[in-house]
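Below: one structure, written as structure tokens.
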Amino acid sequence: MVCKPMQPRISLITLGVADVNRARSFYEALGWTGESPDGDVVFFQAGQMILALWSRAKLAEDSALDDGGGWGGITLAHNVASPDEVDAILAQAARAGATIGRPGATTFWGGYSGIFIDPDGHPWEVAHNPGWALDDDGAVRLH
């Protein structure tokens, strides 16, 4: 049997959280709509992919990893159409309980971005990149 190569796409990102209900409330305060089949995990439709919230301990066990509790080397990003949108989303995240790690500002790469950190320590960059196309449905295109 010939196996096709892995397609260059991401279907699901799962964030390990300390308290699933608290994390769900945070993302719902940002305007996201979640659903849970069992009260143990929450799924959010995020464009063409899914964002999940699940117990950090259970996620580490399921992923066959030892959780050292530190930052995992990943930053999530949400691209928007303008610098004003960056600032508005950062303000919304702060009202929902996020910590602003870096306020919106012009970047070295010619865009505008800022960072908020969710209640479980996951950093999100909110960015306007004038070099990328942003479709009406929020899809980002390199060219």
Please lay out, stage by stage, how E125 and S113 fare under the test side-chain hydrogen bond (donor to acceptor under 3.5 Å, both in side chains). CA-CA 7 Å; E125 178 184 36; S113 76; 3.0 Å; yes
Once rounded to the nearest 0.5 Å, what's the spacing between atom OG1 of T107 and atom CG of N129? 7.5 Å
Should the heavy atoms of other residues, nucleotides or ligands under 6.0 Å from CD of Q48 be counted, would the total exceed 12? no
R24 (side chain) donor-acceptor with L53 (main chain) under 3.5 angstrom: no
As a quick check of understanding, evaluate side chain to side chain contact (heavy atoms under 4.5 Å, CB included) for L51 and W32, giving each step before the final call. CA-CA 10 Å; L51 178 77; W32 296 36; 3.5 Å; yes
Identify the two heavy atoms, one from V41 and one from P37, that lie closest to each other, and give their separation to 0.1 Å. O-CD, 3.8 Å
Can I10 be reached from L15 by stepping across I, L, V, M, F, W or Y side chains whose heavy atoms are under 4.5 Å apart? yes
Can you confirm whether L12 is buried at CG, in the sense that more than 12 heavy atoms of other residues, nucleotides or ligands lie under 6.0 Å from that atom? yes
Here's a test for you: under side-chain contact (heavy atoms from CB on, under 4.5 Å), which of T14, V20, D19 qualifies with V17? V20
Hey, are the side chains of W132 and L142 touching, using non-hydrogen atoms and a 4.5 Å cut-off? yes
Please find the pair of heavy atoms, one from G110 and one from P130, that lie closest to each other, and give the distance. O-CG, 3.5 Å
With a cut-off of 6.0 Å (strictly less than), are more than 12 heavy atoms of other residues, nucleotides or ligands near CG of D136? no
Report all side-chain donor-acceptor pairs from residues 87-95 shorter than 3.5 Å, counting only partners two or more places apart or in another chain.
residue	atom	partner	partner atom	Å
D87	OD1	Y112	OH	2.9
D87	OD2	Y112	OH	3.0
Q92	NE2	L30	O	3.1

Stepwise side chain to side chain contact (heavy atoms under 4.5 Å, CB included) test for V126 and F116: CA-CA 8 Å; V126 182; F116 73 81; 3.8 Å; yes
Would D135 and R141 satisfy side chain to side chain contact (heavy atoms under 4.5 Å, CB included), going step by step from the backbone distance to the final call? CA-CA 8 Å; D135 295 344; R141 307 278 176 229; 3.2 Å; yes
With distance as the sole test, does D137 use its side chain to make a donor-acceptor pair with the main-chain N or O of A139 at under 3.5 Å? yes
Testing E35, E28, M49 one by one against F44 for a side-chain contact (heavy atoms from CB on, under 4.5 Å), which residue passes? E28
Sort and list the pairs that fulfil salt bridge (Lys or Arg N to Asp or Glu O under 4.0 Å) and have at least one residue in residues 58-67, not counting sequence neighbours. D40-K58, R56-D67
I'd like to check the salt bridge (Lys or Arg N to Asp or Glu O under 4.0 Å) partners of D120; sequence neighbours left out, ordered by chain and number. R22
For D118 and Y27, run side chain to side chain contact (heavy atoms under 4.5 Å, CB included): C-alpha distance rounded to whole Å, both residues' side-chain angles, the deciding distance at 0.1 Å, then the answer. CA-CA 9 Å; D118 80 5; Y27 284 95; 2.6 Å; yes
Closest non-hydrogen atoms of A96 and F26, given as atom of the first, atom of the second and distance, are O-CD1, 3.3 Å
When rounded to the nearest 0.5 Å, the distance separating CD1 of I115 from OG1 of T75 is 5.5 Å
